[in-house]
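A note on names: the letters A, B, ... follow the listed sequences, proteins ahead of strands, and every chain is numbered from 1.
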2 protein chains.
Amino acid sequence: MDLALLYSGGKDSSLAALVLDRFYDVRLVTARFGVTDDHEHAARAADALGFPFATVDLDRSVAETAVETMRADGYPRNGIQHVHEHALEAVAELDVDAVADGTRRDDRVPTVSRAFAQSLEDRHGVDYLSPLSGFGRSAVDRLVAETLDVESGPSEEVPKADYEGELRELLRTEHGGEAVGEVFPAHEQTYVRGTRDSSADAGRSEVDTE
Amino acid sequence: MDLALLYSGGKDSSLAALVLDRFYDVRLVTARFGVTDDHEHAARAADALGFPFATVDLDRSVAETAVETMRADGYPRNGIQHVHEHALEAVAELDVDAVADGTRRDDRVPTVSRAFAQSLEDRHGVDYLSPLSGFGRSAVDRLVAETLDVESGPSEEVPKADYEGELRELLRTEHGGEAVGEVFPAHEQTYVRGTRDSSADAGRSEVDTE
């Protein structure tokens, strides 16, 4: 069975891929607006993990709406949620039996309600899976430390391909660098370099949040 | 890492074991009150799947309370929930790094709230995982059909070892057969005979609810 997993190159979506690998032919898919080339980071991480990779294009207007929402709110949550739901709709249009993402039990954003999941499944004729939604943060961190070779650091320095990079860039070009700092507080990001067994250097496992 | 999975011999907890198998040393554990020998069915299913098996004894008073709750309610939900939470507390006392169960996204009972999960983890120093809580019913059914050899039928005829069998028996001995019918509506049960690859007869895959 074919499954498309929304993929950022970070630890959560990478671990989700390993969980689903036993049951599905997993393709890692990064949604993009064409604002940056961040998807190339996700492509490299997917290659390091040994999964096929693809991108889907999201309508630029979705990013514009998200940026305006984040500016008005002063925090990114609702904007990110808006983009995530559009991204799930886009991958559900692919020719697959199932779609998935890396949301965890303790994530505050994005979240996928049971109602949204059911609606997505019914409208697109796919199964929606969030394989980490029954895993808390400490379980995810332990499994990541055991199975993945991860780089982590401040979010502006770690290469990744979640929507955040493109939304930051859009904020910067449209409203200046100060607007980025107002919306996005500094936090840790992770980027996956491969699995433990494929890694020459297994010492880079200090991880925080994705 | 050692993990104890609450196990009934049914399709949900069996699939949960396969999901976790990549990451943990999984032991299947059936909680019992000593009312029936139903745990022997779970032991056989565990053996067919190739996982180690154990039982934990729950205090009979937990079953008595559950039965009285179900009698008063006229339906089993709150009684089953009461027993499930006690069973999770019992497996969390084992010498393991993590505990898990087979609850799905669409289950009405038992459910494990995020607050209960966090409390269980904090009090016992374990991770709690519900690997199927991000899987809807149709995804579970498809994966079960692909990976497990399952027997299904009316709940009174299919051998299994969830709490229901013992609670039914306790209801019967204390309040008569009529009380069982009043509390438990007829529904489909499943019992796992093995994995697809280990099965000589792959035609028995029609499944409904666990």
Counting heavy-atom pairs closer than 4.5 Å to chain B, which one of A/Ser130, A/Ser133, A/Ala100 comes out on top? A/Ser130
Report the option among A/Asp127, A/Thr147, A/Thr103 that has the most heavy-atom pairs separated by less than 4.5 Å from atoms of chain B. A/Asp127
Under a 4.5 Å heavy-atom cut-off, does chain B meet the side chain of A/Asp106, its backbone, both or neither? both
Is A/Leu132 close to chain B through its backbone or its side chain, or both, or neither, when contacts mean heavy atoms under 4.5 Å?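 For A/Leu132, there is no contact with chain B at all, as no heavy atom is under 4.5 Å.
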Measure the CZ-OH distance between B/Arg142 and A/Tyr24 for me, rounded to the nearest 0.5 Å.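 If we round to the nearest 0.5 Å, B/Arg142:CZ and A/Tyr24:OH are 7.5 Å apart.
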Taking the side chain as every heavy atom from C-beta outward, state whether B/Tyr128 and A/Arg105 have any atom pair closer than 4.5 Å. yes
If you define the side chain from C-beta out and look only at heavy atoms, does anything of B/Phe135 sit under 4.5 Å from A/Pro131? yes
Enclosure of [X] [atom1] (heavy-atom neighbours >12, cutoff 6.0 Å):
X        : atom1 : value
A/Asp95  : CG    : no
B/Asp57  : CG    : yes
A/Arg108 : CZ    : no

Lys/Arg N to Asp/Glu carboxylate O, A/Arg137 vs B/Glu121, below 4.0 Å: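 No.
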Determine, for B/Arg22 against A/Asp21, whether the closest basic-nitrogen to carboxylate-oxygen distance falls under 4.0 angstrom. yes
What is the minimum heavy-atom distance between A/Leu143 and B/Met1, and which atoms define it?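 A/Leu143 and B/Met1 have their closest heavy atoms at CD2-CE, 3.5 Å.
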Flag the one option from B/Ser138, B/Gly136, B/Ala117 with the top tally of heavy-atom pairs under 4.5 Å to chain A. B/Ser138
One option among B/Leu20, B/Val126, B/Leu129, B/Asp97 has the most heavy-atom pairs under 4.5 Å with chain A, and it is B/Leu129
Heavy-atom proximity to chain A below 4.5 Å, by part of B/Ala98: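 Contact with chain A involves no heavy atom of B/Ala98 at all.
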